[in-house]
Structure formats: structure tokens, C-alpha cells
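Single-structure report; data block below.
Just so we're on the same page: letters track the sequence lines, and every chain starts at 1. All values below come from the heavy atoms of this structure, side chains included, with hydrogens, waters and symmetry mates left out.
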Amino acid sequence: MSTAVQHAEPGFFRKYCWSTDHKIIAMQYLFTGMAMALIGGYLAYVFRMQLGFPNHNVPGFGIVTPGRYNAVVTMHGTIMIFWVAMPVLIAAFGNYLIPLMIGCDDMAFPRINRLSYQVFLLSAIVLLLSFLVKGGAFGGAWTAYPPLSASGAYNLTPLGATLWLVAVALEFVAFLLGGINFTVTVMNSRAPGMKMFDIPIVIWMIVLATVIFMASAGPLIAGAVMLLFDQTMATGFYDPTRGGDPLLWQHLFWFFGHPEVYVVLLPAMGIVAEILAVFARKKLFGYKSMLFSTWAVGILSFVVWAHHQFVAGIDPRMANVFTVTTLLISIPVAELVFLYIATLYGGSIRLDTPMLWALGFLAEFMIGGVTGIFLGSSGTDIYLHDTYFLIAHFHYTFVPIAIISVFAGITFWFPKMFGRMMNETLGKIHFWGTVIPFNVIFIPLFMTGLAGDQRRIYSYAQFAEQSRPALQHLRTLSTVGLLVMLSFQLVFLFNFFWSLRKGKRAEANPWRSTTLEWTVPSPPPHGNFAVLPTVYRGPYEYGLPGRADDYWPQNVPD
Amino acid sequence: MNMDCRAAPTTTGPRTFLIRPAEKPTTMSATAKPIANTRSATGIPTARLITWWVIASEIVIFGGLLSAYLMHRLGHPEWALSADHTNTWAGAFNTFVLLTSSLAAVLAHKAADALDGPRAAKLLRLTVLGGFVFLMVKAFEWTTDIREGFVLSSGGFWSYYYVLTGLHGLHVLAGMVIMLIIAADAAKNQELQRVECIGLYWHFVDIVWIFLFPLLYIAR
Amino acid sequence: MTTETHVHHPNYVKIWAILVALLIVSVVGSFSSIRVVILVAAFGVAFVKAFLVAKNFMHVTVEKRWVPYLLLVMLAFIVILFAGVAPDVMSHGGLHWSNDAAKQSVETGMKAAPKHE
Amino acid sequence: MLERYTTAASTYAHSIDHLFLLILVLVGFWLIVAEAVMFILIFKFRARDGRPTRHVTGEEKELHRWITIPHMLVILCDIAIIIPAIIVWYNIKQAQPPADQTVRVYAQQWAWSFQEPGPDGVLDTADDVRTVGELHVAINTTYHFELMSRDVVHSFAVPAFRLKQDALPGRTITGWFRPNRLGTYDIQCTQMCGIGHALMAGRVIVETRQDHAAWLMQNSNPPVAALPAAPSPLAASPMMAEARR
């Protein structure tokens with residue numbers, strides 16, 4: 001049996017690129033996710049310029065032809081969901097927080113964890129390469145409905161389509177590997193004394209997200225194999241002229257697609273819950289009801305998928321089933337939001353940057369959730385489906401999830417991750433500079449959507465009703481909003497990289513929080529805990545009468 | 001691997017396990033197991049727990065593919081005509097081969113429980129041999145089908161037939177490779193708990209074939 | 001290194017023999033001309049064999065209670081998927097829609113071999 | 001509320017508009033209440049030195065009541081939304097009034113083409129009128145449409161009629177509409193169908209019955225062969241094939 005070999009301090013490659021330390025792997029995911037977010041943001045800039053100022057030369061891109069518009073829109077959607085929201089929310093925060101918050105030294109299977117990042121990096125490279133192949137990136141929408149996605153004759157980007165599919169399949173493999181690791185670690189490697197209801201809610205939500213992803217990704221992996229053969233081996237799985245059925249892909253895709261949006265929602269809700277508790281100095285209101293509501297959301301997310309297909313040619317009678325289940329799932333989500341707001345009651349709320357982001361998430365996500373009811377009820381969906389109303393709805397859910405809650409998490413755990421504090425005033429400037437323009441982008445799009453603007457259209461010149469000047473002004477206003485929002489991201493990038501080196505040095509517990517990751521030095525050493533902690537109580541003991549501090553860390557015995 | 005510290009057996013549920021108490025983490029090299037791997041809050045060792053989760057996600061993958069095939073099969077009675085060309089005898093023999101290799105796998109697990117590493121390794125290699133025979137019969141079937149002109153793109157049934165048996169065959173191949181690695185360790189009485197895990201995976205692949213056989217070969 | 005003490009090992013060869021016997025039943029069943037006998041023999045035997053392998057070889061029933069429940073939940077999701085998709089993909093017509101391409105391929109397929117059955 | 005944004009030109013347009021208004025009122029009310037309560041709590045319980053926070057677990061009955069009561073009301077609102085939504089859906093997509101006329105709509109990569117029954121009012125007869133991009137319909141007549149696609153998934157959408165139905169290749173999907181306002185309205189394709197997705201605009205021209213009849217007479221006279229032969233729904237039409245290369 002090889003004894004634990006002591007070896008010299010590892011070099012740059014072994015320490016940062018080939019490391020099995022969960023914190024390093026978390027940083028790899030975080031930085032890859034942020035890089036892809038810049039690409040996704042650039043793509044959004046390109047097509048918003050085309051929509052805001054039709055057929056003008058877009059500085060930094062050139063003329064946006066219909067084919068390039070489709071590719072840019074498809075890649076914006078694909079990158080933002082699969083290569084920004086999932087890696088940062090699940091893989092980066094999951095990898096970083098799970099071992100630290102449940103009190104163990106690393107993930108249960110560190111080498112599988114490292115492999116999952118490597119497969120993810122490969123998938124990102126394959127996706128970016130698909131921009132360079134003949135015909136350009138895949139242009140058939142991120143949902144890739146066959147027969148458009150199945151044959152090059154229809155989508156005119158045959159190489160791009162296959163590379164897109166291979167990249168998404170690799171990304172699924174990466175998240176299956178990572179997900180299994182998260183689930184096993186949280187189930188088995190909890191600190192002694194940490195019972196089921198002592199686990200911080202963000203860990204619960206990240207693990208439930210990975211389980212929902214695993215259960216829902218399976219059929220789509222099978223669907224992807226079939227689509228790959230349709231594209232390359234001339235099979236007819238989705239080709240109606242040869243016994244296949246294009247609706248089969250839509251069902252397999254959305255059976256994964258809707259649980260997928262809850263897969264990215266839950267970690268975001270977890271991050272926001274942690275921050276609300278710390279900055280309101282208050283125990284989470286009804287931890288158990290939050291947990292059961294999360295379980296309810298997870299289970300129900302598997303029976304709602306066809307509300308994406310009300311008018312897609314499914315049997316009209318099925319739509320009634322799915323509109324009822326869709327309204328049903330809005331109940332546990334409403335319960336979660338009410339519990340979050342109730343947590344603020346009786347607190348002493350400090351509006352530091354992380355809390356601003358958390359409250360910003362709640363305020364914006366409520367609008368997203370509420371506009372979903374219009375699309376979930378089948379009657380109004382007939383008119384609103386695939387219009388800009390739908391685009392505005394899911395950006396009011398996705399932007400709070402993938403951008404606002406990620407900024408909340410980064411500003412909250414930055415001291416722990418890098419041992420330095422981020423600048424508060426820059427943080428506040430960046431917050432207001434992101435949230436206000438975000439509304440300026442999407443409120444006008446609600447209106448253009450109501451006026452009938454359909455999505456994925458590079459120019460409305462052909463449509464008389466849609467080329468009214470009033471609508472074009474709204475589109476231009478929305479583009480201006482995006483330009484302002486993108487420019488404020490420079491404030492964040494400066495604040496992030498400047499604080500890495502020159503930020504005020506951070507102590508172990510700068511926010512005076514109770515969870516285990518704040519009991520180790522910042523940044524935590526390899527192996528995290530000098531002495532593996534034992535847990536004595538739940539994670540949110542704030543404001544206890546009769547104690548000196550207003551917080552009671554989980555591992556303090558008395 | 002700190003072999004020295006004895007862990008008190010704890011009886012949790014029908015199975016009794018040796019669970020090591022949490023202790024000070026040593027500065028580990030990349031290959032040593034983290035403490036997280038050795039803990040077992042659920043009472044199931046991490047190796048077997050991750051195997052159950054692998055099987056759970058495999059159920060959903062094969063489930064998705066099989067339900068797509070079943071829907072088309074029930075919708076297209078004419079597929080039964082091309083299903084006639086599948087060689088039921090080869091399928092039946094393959095089922096027999098996989099059942100026998102599952103027997104060898106579970107006997108290997110029994111040997112591993114008795115801490116008899118070399119015997120477990122021998123039985124695991126027997127299982128791999130069974131898998132190899134299965135793949136050979138599968139190769140024979142495919143060549144005869146292709147020679148008769150039924151290729152991947154010659155109609156709905158054949159597309160599903162090659163994707164289903166191909167995906168299943170890849171899983172058999174992957175299982176064989178991992179089994180050889182685990183057998184090499186088991187022969188030196190190392191990591192014996194992994195023998196049971198690869199056994200579980202192998203039985204799952206066998207169950208998938210148990211459902212594939214009637215669906216592809218027998219159903220008229 | 002954690003190893004289990006002995007879990008109860010049933011007589012595996014006996015179970016293997018039962019499985020092979022069931023296999024023979026399903027193959028013999030496939031020669032009968034009555035369609036329902038073929039299907040019952042094939043799939044009934046398949047379910048029984050799957051249960052035997054899961055119970056005896058995988059020790060599912062001896063495992064922690066929630067492990068079989070976990071696997072059944074995954075199966076339940078697949079059943080939900082089947083129930084949600086079948087009305088559109090399996091049947092070739094419904095309220096105000098008809099899948100002409102599928103009907104056509106069934107027609108040409110059946111016409112190709114009228115002698116069948 | 002919707003009619004402020006787009007004209008309502010078919011009989012069931014107003015039912016969708018009213019449903020939209022109902023949801024807007026119910027959902028808007030709850031949004032304002034929730035946001036207001038949140039901002040009030042933020043202001044009321046902002047950090048003031050020396051004021052300790054209340055240790056509240058959330059299981060206390062009298063506090064949890066503040067959650068369960070609004071939650072019950074939200075569930076009631078959900079029910080109040082779901083019932084009219086299903087009724088509207090049923091009346092549009094499931095129940096179809098008897099058709100005065102039936103038209104056939106073909107979607108293909110990047111154009112809409114239509115086949116209307118000629119003066120004899122019967123489809124698939126010699127005098128059918130086949131048009132590309134323009135659908136002439138008479139006012140106050142119930143039309144059934146048979147929607148087919150020749151290549152990829154398209155979506156037949158007429159915002160003014162509040163009509164939207166995806167066209168799936170290999171399937172014939174029927175729906176209905178009854179225009180009740182004269183004028184020319186856009187036909188859109190709302191499902192990504194490739195490079196020309198934004199170019200396949202069409203127009204529905206709602207005419208009086210006399211004008212429509214006159215138009216039919218005028219257009220169905222020339223021998224049918226002069227018009228572009230409508231290829232069989234499944235074969236990719238040669239005309240479109242060159243456009244694509």
C-alpha cells in the first residue's frame with residue numbers, strides 16, 4: 001500500500017491546471033464561465049445592434065446577414081444557458097461550497113471532479129470552433145428542432161450543427177460526472193453531527209439541481225445520439241418522410257428543457273437565501289417549508305414540459321393537462337418567494353453589495369415569475385408564444401438567475417475565495433449600473449412582444465404591422481439599454497481583478513456568518529479544515545437572545 | 001492509505017459496515033483518498049453509492065431510448081417485418097452468455113466479501129470473457145444483417161436496432177475495461193469493495209439486455 | 001479501506017438456473033403462433049428475470065430502503081415521459097391533426113409483404 | 001389591453017384579449033403587493049445600531065399564518081386563471097364551428113402558399129385558386145385551414161387574428177378562424193425555419209363577400225396549369241430548391 005507521498009510544492013501546471021482540489025476546480029469553472037459570459041454578451045451586443053439599428057454596420061462585427069444573425073442568436077442562447085449559467089451556478093459555486101459547507105476536505109471523487117472540468121473545457125473549445133467551420137456556427141436556434149437541425153440542406157450550417165450537438169453532448173457528460181460527485185459527497189461526507197436539516201439550504205438546492213439534471217438529461221442524451229445519426233449517417237429518426245417524427249425531438253428536448261431551467265434556478269435561490277440570512281441577521285423563515293417547496297418544485301418540474309409546445313402540433317387535449325401542471329408548479333415557487341420576503345421581517349438589514357444583489361434578484365425574479373403565468377395558461381399562449389413577450393419573460397427569470405445571483409455569490413464569497421475584500425462603492429455602482437439598464441432592455445421588449453414581434457427575426461422590414469416607427473423606437477431603446485448595461489460590466493471586471501491583488505485583506509469571517517466555510521482562513525488551505533469540524537446546530541442561528549454575538553457558528557459547541 | 005486504524009463496526013440496517021471515524025486530514029498526495037471518500041453518513045460506502053447513481057442515470061438514458069423505440073414500434077406494425085430478420089437464436093444465446101457472466105460477477109462479489117482477492121480476480125476475468133463472447137456474437141449478427149443489406153439507414157426499425165444494440169454494446173465494452181482494471185487491483189487484495197460495484201453495473205447492463213432481447217428479437 | 005462483513009449470499013447457481021429456465025420459456029414461447037402468448041412469454045419472463053437479478057445479484061432488497069425507491073423514481077420519470085409523448089408519436093392521428101407521413105409509411109410497409117400473418 | 005397593441009380582426013381575438021386582461025389584473029395585483037411588502041420590510045427593518053433581530057424559526061403558527069393566507073389566495077387566483085384559460089383554449093383549438101370554407105396552407109422554406117376552393121366552393125377541383133404569399137378571405141365567414149409543411153417546422157401566425165399554429169412536416173393540422181374586420185393583415189412564421197425565416201412574410205386580405213367572389217371568379221378563370229403547379233406536399237419543391245442553392 002503506497003503511503004501518502006510527501007512531495008514538493010507543486011508547480012503552476014500541477015497546482016492550477018491538473019489539481020484535484022475542489023477549490024481550484026471551482027475557480028477553473030468560474031473563470032471559464034466568466035469568459036464564455038463575455039462571448040455570450042458580445043453575441044447579444046451584435047444581434048441587439050442589428051435589431052436596434054437595422055442593416056447598419058455593427059462595429060466589431062460587420063453587417064449582420066440573416067444567416068449570421070441566426071447563428072449569433074442560436075449561440076447566444078446555447079452559451080448563456082449551458083456554458084455560463086450551469087458552470088458558474090452549479091459547478092463553480094457547487095465545487096467551492098459543498099466540501100467547505102458540509103465540513104470535509106474535498107469531494108468524494110477528486111479525479112472524477114477534475115475529469116468533469118476537462119470534459120467541460122473540451123466542450124467549450126468544440127463549441128467555439130464551430131464558429132470557424134465552413135458555413136459558420138449552427139443557425140437553427142438553441143432548441144435545434146429537426147428537420148432543420150437534422151439536415152444541412154435545410155439549415156445551411158451542416159458542420160456547425162454537428163459540432164454544436166457534439167459540444168452540448170460533451171457538456172452533458174461533464175455535468176453528469178460533476179453531478180454524481182456532488183450528490184455522493186453531500187449524501188456521505190457530511191461532518192459528524194450535521195443532520196439532514198442542518199445542511200445549509202444552498203447545498204440542498206445545488207444537490208437537488210444536479211439530481212434533477214441527471215434525471216432529465218438522460219432522454220435528451222438518447223435524443224442527441226439519434227439526432228447525431230440523422231445528421232451524419234442518414235438515418236430517419238426525425239425525418240417524417242422515412243417513418244421518423246420531428247415532434248419526438250421536441251418532447252425529448254423539453255422533457256429536459258424545463259427541468260433544466262429549475263436546475264439553474266435552484267442554486268441561484270440557494271445563494272440568495274444564504275445572503276438574505278447573513279445580511280438580515282435573521283434565521284431563514286421556515287427552513288423546512290423552503291426545503292419541501294424545493295422538493296415539490298423538483299418533482300413537479302418533470303410534468304410540465306409541454307407548455308413549450310402548446311401550439312407546436314401536440315394534441316390540443318394534452319395542452320389542458322400541461323397548463324394545469326404548469327399553474328401547479330407556480331405554487332411552490334410562489335411559496336419560496338414569500339418565505340424569502342418573510343425572512344426580512346424582524347431583521348436588521350445591512351445593504352452591502354451582496355445584499356443589494358440578493359434583493360435585486362428577488363425584485364426582478366418576481367416580475368419574471370409573474371409574467372410566466374401569461375405563457376403558462378394555454379389560452380394566452382396562443383398569441384404570446386414565440387413573441388418578444390416570451391423573450392422578455394424568460395430573460396426576467398434567466399438574468400436574475402445567471403447574472404444577478406452570480407454577482408451576489410461572487411461579491412459574498414470573494415473574501416473567502418481570494419482572501420481580499422471587493423470595493424463596496426464600485427460594487428454599488430456596478431449593481432445600479434446593471435439592474436436599471438436591465439429593466440430598460442426588457443420592459444420595451446414586453447411591449448413589442450404584445451405588439452406581435454416574433455422572435456429570431458433579423459429584420460421586421462417584411463412585416464407591415466411590425467415596422468411601425470413606434471415599435472422600432474422601442475427596439476432601439478432596448479439596444480441602448482443593453483449598451484449601458486454592458487459598459488457597466490467593465491466596472492465589475494475592474495473591481496474583480498483589482499481587488500484580487502490590491503483589495504483590503506479579508507479575515508476568516510468578514511460578514512460574521514454562521515456556516516462552516518467561514519470558520520477556515522481565507523483563502524482556505526489545501527484540505528480545508530485543520531481539524532475536521534463537528535456540527536452542533538443548524539446553519540442560521542442569528543439574533544439569539546442572551547448571547548454576546550448575534551450569530552452562533554455551527555461548529556461552536558456550547 | 002492509512003491501513004492501521006481499526007474502525008468500530010456499526011450495525012446500521014441489514015448490512016453491517018466498517019465505518020472509519022473522521023480524523024485529522026494528512027497532507028495528501030493526489031492519489032490518496034480524501035476523508036470525504038471514506039465517510040459514509042448514509043451507511044453506504046461512497047463507491048457503491050456512486051454506482052447506484054450511475055445506474056440511476058443509465059436507467060433514464062436507456063429508458064428514454066427504449067420508450068422512443070417502443071412508441072415507434074407500437075405505431076408502426078410494419079416494423080415487425082424487418083424485425084423478422086433478427087436472428088432470435090443469436091439473441092437467445094447472447095442472453096444466456098450475459099446471464100452466465102452475471103453469475104460469475106456475483107460469485108466474484110461473494111469471493112471479495114470473503115476477502116479472497118485472487119479468486120475474485122479470476123471470476124471477474126471470467127465475466128470479462130463472457131462479455132467478450134457476447135460482443136463476438138453481436139459482431140457476427142451485425143455482419144450477417146449488413147451483408148443482407150440492412151444497414152443503419154435502411155428504415156426505422158434498423159436505425160433503432162443498431163443504436164440500441166450499439167449503445168448497449170458500448171456499455172458492455174466499458175464494463176469489461178473497468179472490470180479488468182478492478183480485477184488487477186483485486187488480485188493484490190486491494191480495493192475489494194470495488195468488485196461489488198462493478199458487479200452491480202454489470203448486472204444492470206444484463207437487465208437492459210434482458211429487456212432488449214424480447215423487444216428486438218421476439219416481439220412480432 | 002472499508003469492507004463489508006458478510007451480506008447474506010443466496011445460492012447463486014440455483015438462481016442462475018432459474019434464469020436460464022425462464023430464458024428457455026421465453027424462446028419456446030416465441031415459436032407459438034398466438035401473438036399474445038409470444039408477448040406474455042417474452043415480456044413476462046423479462047420482468048421476472050429483471051426482478052430476480054435485481055433482488056439476488058444486486059441485493060437491492062437488502063440495500064438501504066431508499067435505493068430501490070431512487071431507481072423506481074427514475075423509472076417513474078420515464079413512464080411520465082412515455083405518457084406525455086405517446087399521444088403524439090405513437091398514434092398517427094388525433095383531434096384536428098393527422099400524421100399523414102406515418103400513415104403512408106405504415107401503408108407502404110404493410111403493402112410490401114402482404115403474406116405476413 | 002392587447003387591442004391597444006394589435007388590431008383584433010377575428011371573432012376569438014377578443015376572448016384572448018379579455019383573458020390577457022384578467023391575468024394582467026390578478027397577476028399585477030400580486031406583483032405589486034409582493035414588491036411593496038418587500039420594500040416596506042427592507043425600509044422598516046434596516047440596520048439600526050443596538051436593535052437586536054428577532055429570533056424567529058418560521059414554524060410559529062401566528063407568523064406562518066402571514067405566509068399561508070396569501071398563499072391560499074394565490075392558489076385561488078391560479079384557479080381563477082386556469083378555468084377561463086382552458087375555456088378559451090377549448091373554444092379555439094378543440095371546438096371548431098362548422099366551416100363555410102376550407103383553405104389549404106402550405107409552409108415551405110421561406111414562403112407561404114395557399115390553395116382556396118374556386119367559385120364552386122369545393123377544394124381539390126379544377127377551378128381551385130392557388131396563390132403564393134397572399135390569402136384572400138371573405139369577411140364574417142368561418143374558414144377551416146389545413147396546415148402542412150413541405151420541409152421543416154414552420155408556424156402559421158396571424159397576430160391580428162390571434163392565430164398561431166405550428167406546421168409540422170408530415171402532418172396535416174386543421175384549425176379555424178372567422179375574420180370580422182376588413183383590411184390586410186400580416187402572416188408571420190414564428191418558428192425558426194432557417195436563413196429565410198424573416199423573409200417568409202404573407203398577407204391576409206379580408207374583403208367583402210362580393211369583392212371576394214369577384215376575385216375568385218377573376219383568378220380561377222385562367223387554366224389552372226398557368227399557375228405554379230403545387231407539388232405534392234412531401235417532395236421538396238424544385239422551385240424552392242433552386243432558391244436555396
Please find the pair of heavy atoms, one from A:M214 and one from B:S57, that lie closest to each other, and give the distance. SD-CB, 4.3 Å
Identified side-chain hydrogen bond (donor to acceptor under 3.5 Å, both in side chains) counterpart of A:N188 within the set B:T42, B:T46, B:T38: B:T42
How long is the straight-line distance from CD1 of B:I50 back to CZ of A:F109, given to the nearest 0.5 Å? 4.0 Å
Value for CG (A:D245) from CE (B:M71), rounded to nearest 0.5 Å, stands at 9.5 Å
Heavy-atom pair count under 4.5 Å with chain A, highest-scoring of B:V163, B:V151, B:V54, B:L167: B:V163
Looking only at A:L176, A:D230, A:I180, most heavy-atom pairs under 4.5 Å shared with chain B are made by A:I180
Grab the two heavy atoms, one from A:M226 and one from B:A68, that are nearest each other, plus how far apart they are. CE-CB, 4.0 Å
What are the two closest heavy atoms between A:D106 and B:P34, and how far apart are they? CB-CB, 3.9 Å
Is there a side-chain contact (heavy atoms from CB on, under 4.5 Å) between B:R48 and A:V184? Walk through the geometry before answering. CA-CA 10 Å; B:R48 196 160 76 240; A:V184 167; over 6 Å; no
Should the heavy atoms of other residues, nucleotides or ligands under 6.0 Å from CZ of A:F13 be counted, would the total exceed 12? yes
For A:L220, is it the side chain, the backbone, both, or neither that has a heavy atom closer than 4.5 Å to a heavy atom of chain B? neither
Could you measure the distance from the OG atom of B:S40 to the CZ atom of A:R190? Nearest 0.5 Å is fine. 10.0 Å
Output field: ring centroids B:Y160/A:F237 closer than 6.0 Å: yes
Minimum heavy-atom separation for B:V60 to A:A215, with atom names? CG1-O, 2.9 Å
When you compare the side chain of B:L65 with that of A:V225, does any pair of heavy atoms fall below 4.5 Å? no
Between chain A and each of B:G64, B:A41, B:S154, count heavy-atom pairs under 4.5 Å; write down the option with the most. B:A41
Begin from the C-alpha positions of B:N37 and A:M107 and carry the test side-chain contact (heavy atoms from CB on, under 4.5 Å) through to its verdict. CA-CA 7 Å; B:N37 190 290; A:M107 284 291 181; over 6 Å; no
Are A:R242 and B:S153 close enough that some pair of their side-chain heavy atoms sits under 4.5 Å apart? yes
Close side-chain approach of B:R39 and A:T185, heavy atoms under 4.5 Å: no
When you compare the side chain of B:I35 with that of A:C104, does any pair of heavy atoms fall below 4.5 Å? no
Less than 4.5 Å apart, side chain to side chain, heavy atoms only: is that true for A:V211 and B:W53? yes
Region of A:D239 in contact with chain B, defined by heavy-atom distances below 4.5 Å: neither
